[in-house]
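The block underneath contains the structure these notes are about, expressed in structure tokens.
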Amino acid sequence: MFKKILIANRGEIAVRILRACRELGIKTVAVYSEADRQALHVRFADEAYFLGSSPARESYLRGDKIIDIARKCAADAIHPGYGFLAERADFAAACEAARLVFIGPKASSIAAMGDKAVARAKVAKAGVLVVPGSEGEGSLRDEELLAYAPKIGFPLIIKAVSGGGGKGMRDVRNIEEMPDLIQSARREAESSFGDGNVYLEKLVEGARHIEFQIMADQFGNVIHLGERECSIQRRHQKLIEESPSPFLADDQSLRQQMGVVAIQASRAVDYANAGTIEFLLDTNRRFYFLEMNTRLQVEHPVTEAVTGMDIVAEQIRVAYGWKLSRKQEDIQWRGAAIECRINVEDPYNSFLPSSGRITLTQPPTGPGVRIDSGVYAGFEISPYYDPLISKMIVWGETRPQAIVRMRRALEEYKIVGVRTNIPFHQTMMDTYPFISGKYDTRFVEEQFSMLDAAENREMYLDIASLMATLVAHSQMEHRAQIYVQPAQKSTWKWVNRQTRPNR
Amino acid sequence: MFKKILIANRGEIAVRILRACRELGIKTVAVYSEADRQALHVRFADEAYFLGSSPARESYLRGDKIIDIARKCAADAIHPGYGFLAERADFAAACEAARLVFIGPKASSIAAMGDKAVARAKVAKAGVLVVPGSEGEGSLRDEELLAYAPKIGFPLIIKAVSGGGGKGMRDVRNIEEMPDLIQSARREAESSFGDGNVYLEKLVEGARHIEFQIMADQFGNVIHLGERECSIQRRHQKLIEESPSPFLADDQSLRQQMGVVAIQASRAVDYANAGTIEFLLDTNRRFYFLEMNTRLQVEHPVTEAVTGMDIVAEQIRVAYGWKLSRKQEDIQWRGAAIECRINVEDPYNSFLPSSGRITLTQPPTGPGVRIDSGVYAGFEISPYYDPLISKMIVWGETRPQAIVRMRRALEEYKIVGVRTNIPFHQTMMDTYPFISGKYDTRFVEEQFSMLDAAENREMYLDIASLMATLVAHSQMEHRAQIYVQPAQKSTWKWVNRQTRPNR
Amino acid sequence: MKYIAEVDGLEFPIEILDEHHVCFGGEILEVDLAAVSGQPLYSMIVNGESYEGYVYPDERSWQVLLLGRSYTISIEDEREKRLRTTDTGAVSPGREYTLKAPMPGLAVAVLIEEGQKVEKGQILVILESMKMQNELRAPFAGNIVRLKIKAGDSVQQKQILLNLIAPVAQTSLENR
Amino acid sequence: MKYIAEVDGLEFPIEILDEHHVCFGGEILEVDLAAVSGQPLYSMIVNGESYEGYVYPDERSWQVLLLGRSYTISIEDEREKRLRTTDTGAVSPGREYTLKAPMPGLAVAVLIEEGQKVEKGQILVILESMKMQNELRAPFAGNIVRLKIKAGDSVQQKQILLNLIAPVAQTSLENR
């Protein structure tokens with residue numbers, strides 16, 4: 001087995017990978033930027049080396065430096081995590097050249113799936129529907145994009161060629177707003193992936209985003225670990241994922257069919273290691289191949305929860321050259337799992353990111369709750385990286401049990417010092433469309449509002465007022481003056497709490 | 001279903017029960033002593049009422065006050081947790097009389113199993129071996145105990161009649177040391193259960209402590225959820241539990257047989273709700289009935305981890321009058337689970353308890369790790385209650401995976417402000433007898449020593465010295481004086497780390 | 001000490017009687033407030049009901065995060081209020097809002113000009129941070145009186161970007 | 001600044017060169033020490049190796065908890081040491097140990113008398129706390145010089161229970 005692995009990432013995923021290595025008896029090497037000296041992945045690693053200043057392009061995107069460090073400290077493999085260098089074929093190739101095992105697919109597979117045109121051609125040959133788009137045209141200039149748009153028809157999506165994680169994506173309703181949107185998409189893509197190229201794709205209305213987890217070894221064995229439902233998104237950023245998908249729950253044959261297709265698609269690019277095939281399902285249950293993520297996904301834990309398989313450990317084993325530890329028929333699914341992504345975004349202030357020092361964090365624990373986090377009390381959240389600071393995954397014997405457990409866990413989760421989107425998740429867990437599993441990728445942006453949703457929940461105006469007053473009083477006390485005034489009546493009555501819904 | 005449940009307990013188990021209630025949509029009522037106003041169970045509950053001053057006998061043992069509060073706040077049930085009033089038949093009866101559902105067995109079952117003589121007579125009739133003892137004689141005076149001892153023979157154990165949790169237990173090797181041991185056993189029993197009565201029992205040499213989890217409803221349906229191995233004990237206090245037991249791993253028929261006996265024993269006292277049948281296994285794999293714990297066990301989470309069943313939620317359902325949610329044939333065991341009890345005891349100072357304010361706590365998270373804790377950063381540990389502050393449970397696809405995961409989690413677990421026994425667990429996880437599953441109930445006291453065990457682990461004298469020096473320097477700096485002295489040679493070489501075992 | 005707490009247009013008169021008793025809406029309540037770990041996280045037991053919430057001071061008010069819901073509450077002691085309300089001579093001034101950068105980042109677009117009239121919710125500035133384009137919007141209708149940045153500027157956290165003044169008509173209720 | 005760290009009878013000369021460099025056993029090491037959340041929990045990176053440990057000051061020494069193992073380390077700067085070792089005139093005094101109550105509790109048994117000789121590890125006092133009988137033992141052989149409690153006394157945390165003096169023969173190595 002590998003002796004030492006360098007983790008070319010940060011935050012919760014770096015910690016997740018460190019844990020897998022430790023459990024496999026493999027030494028770990030962390031790399032860190034100026035902002036991350038105190039980060040959890042640095043504290044947990046066996047070795048840690050400074051990479052560069054805080055901006056990603058000067059640290060976590062510096063493949064050359066990272067490979068250099070890996071060789072100096074005699075690591076024999078590199079795990080890229082997700083984001084940063086995870087889907088850069090050139091980096092995978094560079095590792096190979098440096099005789100370092102890249103824990104992921106071959107560079108050629110990354111390239112093949114990275115080039116949307118090639119990818120779709122290949123899977124289309126396998127008889128899979130693909131969403132129409134401009135990817136076949138190569139990278140187009142602005143005017144070319146504007147000219148091509150009508151062929152696809154509106155609404156459509158502008159997507160970053162080297163995209164992922166919803167970065168550099170824009171929805172376009174009509175030709176008028178398109179020029180500005182192209183600009184901002186290119187800007188975001190440039191700053192996220194160092195590549196401003198974009199392409200166009202038809203926007204499938206009322207679609208659900210459902211993906212399949214693939215695991216493949218270097219001997220041509222490919223299995224799938226079932227699907228993940230990822231339709232709860234905002235600006236194409238996934239916020240909540242679950243497995244199994246409530247949409248497929250009653251449709252074993254469709255699940256079966258999609259799983260087979262996912263495996264075919266992976267074989268089409270001679271895939272090895274963990275990967276994810278993303279599908280769009282339209283309202284008629286037709287499914288379209290969207291793309292393949294040739295890396296570990298943020299949301300992999302929901303699959304781990306229902307299958308019991310440690311996906312990261314399996315990635316490392318197959319990268320080392322071992323056969324898959326399980327056959328397709330060995331995979332059994334138990335219960336239901338849901339993941340909420342905890343971002344430092346203020347849901348009460350149009351999801352603006354928040355930074356600063358975390359002064360207190362009290363993660364929920366107890367039965368069926370898993371937290372994957374990269375932060376701790378005393379850690380300073382810098383503005384340089386992704387707002388995802390923690391993932392909360394719950395497992396339940398049934399989906400309803402998982403939902404109530406998530407509610408319970410969200411309420412327990414205390415984070416002080418930065419604003420998080422926990423209230424968003426709490427609201428979502430009380431929303432009918434989510435509870436009933438009837439939602440699509442547009443739900444958050446088009447039908448969900450913190451305010452409206454809140455209307456359906458009991459108000460605690462009296463309690464909130466009292467709490468604020470007591471706090472204010474304790475702080476003003478020193479300058480408080482007794483002021484006598486005539487007694488006054490209040491028609492307002494103490495609210496009867498017998499009717500309060502369970503918290 | 002119940003509308004409101006009062007939890008007559010504190011600490012991690014009160015929090016565990018609160019969580020189950022919340023997930024079932026039941027309102028929760030906490031009670032608290034002077035020392036516990038800021039305790040987690042008070043913070044998490046829907047309602048919280050002051051009980052009395054800190055000593056248990058003035059608060060958590062005041063059944064009268066608790067029932068009074070339950071009626072005042074219109075609770076319809078009381079969950080006693082473990083310890084305190086959990087196995088007091090009189091309290092269960094008092095609840096009944098107050099028309100409050102006692103979430104546990106009928107008072108008569110508690111009494112039957114509480115009276116060791118009756119209990120053993122009943123199960124003996126079912127053809128089960130029992131450990132010989134004086135319990136048949138009723139409560140004996142000191143001289144009577146001394147007279148009876150030879151009939152049993154040495155070594156023997158002094159046990160508290162209303163015992164549990166190892167409190168008021170003493171091993172006796174010979175008649176000479178017996179008088180003092182009787183005194184200290186009575187003292188401990190008195191202060192723990194308000195009952196200083198003790199009895200004698202033969203000490204089975206080389207025995208393993210293996211118990212079976214029982215779940216029964218009020219319709220006579222009884223199932224078992226498999227066994228728990230609890231032989232890692234110190235002064236009869238369980239420290240580590242696991243399921244399945246490595247001792248039974250290869251002996252399905254013995255497991256089968258014990259499970260059947262456990263169910264018979266429960267039926268013998270017309271048992272309902274969750275309970276545990278404790279067995280001793282001698283070196284010839286003969287098993288003896290020890291006693292039945294007519295309550296929830298501290299170590300129930302290892303069973304939850306392998307069966308996926310929420311035992312506390314099931315307790316509440318059957319107490320309300322529902323049928324068991326599963327039949328025996330529905331129970332499936334997956335993987336292996338281990339629990340380490342985190343106590344505020346200093347393993348480097350003969351396990352002396354430690355108290356004070358917890359200034360930082362960073363619980364381990366990630367795949368397969370569950371923490372059940374009653375404390376948090378900023379909480380003051382008082383000397384009034386049990387030293388158990390947290391339980392760490394890990395699950396793995398196999399026992400070896402569970403062990404390495406536990407190692408990983410123990411190293412991650414940071415608690416500052418009080419001393420804990422985490423280093424004890426870390427040492428144990430590296431000890432051959434534990435890893436190989438070859439240990440008995442005497443292992444910790446007779447063969448295990450932190451020091452000897454440490455011998456087998458690599459030393460970090462150089463690192464420790466450097467760390468201490470840097471810390472000392474940073475603190476002395478202000479009064480440091482530059483002092484020049486002739487250069488000196490050191491034959492000592494920087495330790496080569498290539499050989500360091502995985503952390 | 002007497003206070004008036006105002007939330008969602010409702011006014012709650014609250015009198016602090018002693019450390020553990022308040023008169024709330026004419027009713028005497030037993031209360032016990034405790035800060036958790038010395039943080040702005042509070043455990044409050046009122047007549048036996050246990051609540052936990054975050055309480056943050058705002059510019060003019062307090063924000064309470066309670067059971068997954070946010071409340072903006074303004075509190076004044078009765079003396080202040082009486083002074084303010086009796087002091088009928090003065091005209092209540094138009095509200096001024098200072099838009100500060102919520103975090104360090106790059107101002108990729110500035111969509112308004114100094115002096116311009118803007119609607120409530122209108123996008124003023126697009127700030128790129130954490131690799132995301134964040135739209136900073138007008139909290140209420142008004143006029144941009146001071147614009148301190150231009151597109152391309154990189155800004156520090158809390159740096160003042162612009163000032164917005166509401167017409168005098170605005171009522172204090174719009175504080176929310 | 002030069003220090004001598006002593007642990008398990010081994011002496012490590014350590015010279016602090018600057019904030020990020022030390023001379024350790026004749027070798028220059030790159031070090032970076034950071035306190036985690038301002039606690040006695042430290043993250044130390046030395047020549048790329050990352051360690052995390054607790055460092056607590058003791059009476060005369062430091063206790064380090066590192067990778068599930070405890071180390072007792074005494075540190076003195078070279079000046080102190082030189083003074084101590086060159087100062088040959090004086091006789092190093094017998095060690096004195098003060099037994100304090102590790103936590104509040106009830107002294108249920110006092111098994112020794114003032115002036116009594118005790119062996120290393122011998123039980124001196126049984127203290128009941130957290131419902132457990134805790135045996136307080138002698139850290140080394142010596143004589144009980146001051147006994148401040150009797151059976152039945154309830155004691156406060158850190159209250160002095162007795163003093164133990166070791167014969168002069170004892171070497172400082174037994175500090176461990």
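Here is how names work: the chains are called A, B, and so on, in the same order as the sequence lines, proteins then strands, and each is numbered from 1.
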Item to check | Heavy-atom pairs under 4.5 Å with chain D, option from A:Ala48, A:Ala30, A:Cys73 with the top count | outcome: A:Ala48
Checklist outcome for this item: The interface call for A:Val29 against chain D, heavy-atom contacts under 4.5 Å, is neither
Next on the checklist: Less than 4.5 Å to any heavy atom of chain D: does that hold for the side chain of A:Arg357, its backbone, both, or neither?
Outcome noted: neither
Item to check | Minimal non-hydrogen separation, D:Val36 against A:Tyr376, with atom names | outcome: CG1-CE1, 3.8 Å
Next on the checklist: Surrounding OH of A:Tyr385 (heavy atoms of other residues, nucleotides or ligands, distance under 6.0 Å), is the total greater than 12?
Outcome noted: yes
Checklist entry - Taking everything shown except A:Lys3 itself, do over 12 heavy atoms lie less than 6.0 Å from its NZ? => result no
Checklist entry - So which part of A:Phe379 gets closer than 4.5 Å to some heavy atom of chain D, the side chain, the backbone, both or neither? => result neither
Checklist entry - Is the count of non-hydrogen atoms from other residues, nucleotides or ligands lying under 6.0 Å from A:Tyr320 atom OH greater than 12? => result no
Checklist outcome for this item: In short, A:Arg43 meets D:Ser50 closest at the heavy-atom pair O-OG, 3.8 Å
Next on the checklist: If you count every heavy atom of other residues, nucleotides or ligands that lies below 6.0 Å from D:Gln122 atom CD, does the total exceed 12?
Outcome noted: yes
Checklist outcome for this item: If one checks every heavy atom of A:Ala377 against chain D at 4.5 Å, the contacting part turns out to be backbone
Next on the checklist: If you compare all heavy atoms of D:Ser37 against all heavy atoms of A:Gly378, which two are closest, and at what distance to 0.1 Å?
Outcome noted: OG-CA, 3.9 Å
Next on the checklist: Can you give me the closest heavy-atom contact between A:Tyr49 and D:Asn47, atom names plus distance?
Outcome noted: OH-O, 4.2 Å
Checklist entry - Closest approach of A:Arg37 and D:Leu33, non-hydrogen atoms and distance? => result NH2-C, 4.3 Å
